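Encoded as structure tokens, the structure appears first; notes follow it.
What you are looking at is a predicted structure, and each value in this text was computed from that prediction instead of being measured. First the proteins, then the strands, lettered A, B, ... as listed; each starts at 1.
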Protein chains: 2
Amino acid sequence: MDDVTAAALSKIPIFNGLEPDVLDKIASHAHQNTYKKGKILFIHGDIAEHYYIVKSGHVKLFRETLDGTQTVIDVLSENDIFGHSLLFEDNRYPSSAEIAQTGVIISLPLSDLREEMYKNNDIAVNLLRAITLQLNHKDRELEHRFTQSATQRIGCFLLRQALKDKTGRPVITLPYDKMLLAARLGMQPETFSRALSRLKKKTGMKIEGACIHLDTLDRLSTYTCSSCSVKFPCKDLINKS
Amino acid sequence: MDDVTAAALSKIPIFNGLEPDVLDKIASHAHQNTYKKGKILFIHGDIAEHYYIVKSGHVKLFRETLDGTQTVIDVLSENDIFGHSLLFEDNRYPSSAEIAQTGVIISLPLSDLREEMYKNNDIAVNLLRAITLQLNHKDRELEHRFTQSATQRIGCFLLRQALKDKTGRPVITLPYDKMLLAARLGMQPETFSRALSRLKKKTGMKIEGACIHLDTLDRLSTYTCSSCSVKFPCKDLINKS
DNA sequence: AACAATAATTGACTTTAATCAAAAGGTAAA
DNA sequence: TTTACCTTTTGATTAAAGTCAATTATTGTT
């Protein structure tokens with residue numbers, strides 16, 4: 001269990017522009033830890049006491065019904081933050097969190113956030129910024145699960161992945177294994193496999209394991225974004241530094 | 001276009017505990033208006049300048065793809081607030097808003113909220129409370145669209161409607177027409193009609209137009225909530241005053 | 001290298017809900 | 001009251017994705 005420096009935290013959007021003493025206090029209560037794949041960080045319904053930052057690896061947020069059916073709410077990667085929206089006493093986690101790929105996670109007590117958001121308007125506004133972004137993200141997710149076919153959902157994921165990679169090259173690497181990605185996109189692994197090969201036929205992409213080559217994003221976006229209400233390239237990604 | 005009193009606004013959660021002068025200022029910029037069914041308040045992608053409170057009638061929030069397919073994000077009713085999460089300059093509406101049933105809507109400029117959230121931390125915290133609730137709401141929505149059948153989604157809606165009605169009587173009145181409700185629950189009207197009659201057979205409910213009679217909620221919740229990760233009765237409704 | 005374990009693919013079949021089409025029921029205006 | 005319009009229901013068919021089962025790849029471990 002390692003310590004965390006204020007400098008490391010300052011790059012995270014919700015800590016932008018904070019007074020050094022506030023950041024120091026927050027950092028002093030933070031712990032960095034390597035967790036192995038399969039480790040459960042918290043369970044849906046638990047009283048929330050910590051929020052987390054992913055430094056490496058991947059974290060799966062999911063809900064589970066009595067009969068064991070999982071819904072993946074999100075999969076988080078480097079520098080993603082989660083649990084920070086449980087800002088009020090007796091708030092409970094709205095999903096479970098499991099380490100999907102071994103990595104380093106920073107844990108921070110929610111008590112600091114709950115205290116500081118009353119005293120420190122910067123933090124409150126930063127939190128509003130972060131949480132309203134999440135809200136937009138979920139609106140898009142809901143639309144996509146409804147209007148897009150399985151094949152289009154994969155295409156959309158690939159396009160967004162390509163936009164995030166600022167290298168400009170149309171080579172996409174799947175960030176985690178296909179089973180998890182299938183669940184993340186709301187489909188069965190069998191459906192994922194079939195849908196990906198259909199996408200390959202439609203857009204002429206080349207697939208080598210987790211690596212996908214495209215000559216151009218045009219064919220893919222024409223096919224995929226016809227069932228989306230937002231024109232490609234997605235606004236929420238192109239303005240990001 | 002009528003004026004709005006501070007007293008009327010004070011009952012809305014995001015204005016809880018505000019200084020009277022702040023509330024007066026906000027109320028002085030508010031306008032109350034009766035809008036007819038079909039009126040569009042804003043379009044997905046417009047720069048957001050107002051937020052709204054529903055005093056009567058219903059408002060449909062939706063997204064639309066190029067081919068005309070609509071996804072209903074939410075349907076809002078009395079005392080619901082919307083557009084208040086567009087707190088930053090150049091934020092755009094993440095969905096369109098249409099009056100689904102003629103009613104009275106209060107419009108308020110976002111500029112006040114954007115200004116006050118920096119000066120008045122109470123407002124920032126109130127907004128955080130409101131927006132984190134919305135977030136939980138969307139997680140549930142996503143899960144339900146994924147794990148529940150069309151029939152169960154209707155059952156879930158009815159149960160939640162029954163819990164909101166604090167009268168305790170297991171008589172549920174559909175708040176708006178079936179086409180809209182079908183869209184709200186992510187299904188076609190034909191599917192809704194068939195699914196409702198299946199639900200009738202399974203749970204022994206009696207349906208007279210928009211009025212649904214149940215002897216007990218037990219049969220309905222047993223059938224419906226088996227594909228949900230939260231035990232009935234839903235926690236987010238029972239603690240509400 | 002050989003083994004086990006897990007991940008990915010493929011095939012056959014089933015289920016659910018969408019679609020297309022038509023009829024029945026309601027509501028409001030002329 | 002009659003007409004027109006819209007909502008709801010019902011029927012027949014289709015399409016998409018889920019399920020079950022078997023096989024092939026891939027990965028990691030001893």
Checking side chain to side chain contact (heavy atoms under 4.5 Å, CB included) for the pair A/F192/A/M179: CA distance, chi angles, key distance, verdict? CA-CA 8 Å; A/F192 179 92; A/M179 282 186 91; over 6 Å; no
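- For the OP1/OP2 pair of C/dA17 and a distance below 4.0 Å, the side-chain nitrogens and oxygens of B/T191 include no atom meeting the criterion.
- When the P atom of C/dG25 is taken as reference, atom NZ of B/K178 falls 14 Å away, rounded to whole Å.
- Judged purely by atom type and a 3.5 angstrom limit, A/R92 has no side-chain atom pairing as donor or acceptor with the backbone of A/A48.
- Mapping B/R194 and A/Q188 onto DNA chain D by nearest heavy atom places B/R194 at the nucleotide closer to the 5' end.
- Taking the nucleotide of DNA chain C with the nearest heavy atom to each of A/F146 and A/S197, the more 5' of the two is matched to A/S197.
- Residue A/Q101 contributes atom CD, which lies 13 Å from atom C1' of D/dT27 at whole-angstrom precision.
- Rounded to whole Å, atom C1' of D/dA16 lies 17 Å from atom CG of A/L196.
- Ranking D/dT7, C/dA17, C/dA8 by closeness to the A/M179 side chain, first place goes to C/dA8.
- Counting non-hydrogen atoms of other residues, nucleotides and ligands closer than 6.0 Å to NZ of B/K202 gives a total of 12 or fewer.
- Ring geometry, A/Y176 versus A/H58: the interplanar angle exceeds 60°, so the pair is classed perpendicular (tilted spans 30 to 60°).
- Comparing atom distances between the A/S193 side chain and each of C/dT9, D/dA17, D/dT10 picks out C/dT9 as nearest.
- Rounded to whole Å, atom C1' of C/dT16 lies 16 Å from atom CZ of B/R145.
- Nucleotide D/dT8 holds its C1' atom 14 Å from the CG atom of B/L180, rounded to whole Å.
- For the pair B/Q152 CD and C/dT15 C1', the computed distance is 14 Å after rounding to whole Å.
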Given A/S77 and A/V54, is the side chain to side chain contact (heavy atoms under 4.5 Å, CB included) satisfied, shown in steps? CA-CA 6 Å; A/S77 305; A/V54 182; 5.6 Å; no
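- Comparing B/D177 and A/Q148 against DNA chain D, the residue whose closest nucleotide sits nearer the 5' end is B/D177.
- For B/M187, whose side chain is taken as the heavy atoms from C-beta onward, the closest listed nucleotide among C/dA18, D/dT10, D/dC20 is C/dA18.
- Rounded to a whole Å, the OH atom of A/Y176 is 21 Å from the C1' atom of D/dT27.
- In this structure, A/K37 does not reach the D/dG28 phosphate: none of its side-chain N or O atoms is under 4.0 Å from OP1 or OP2.
- Taking atom CG of residue A/D67 and atom P of nucleotide D/dG18, one finds them 15 Å apart after rounding to whole Å.
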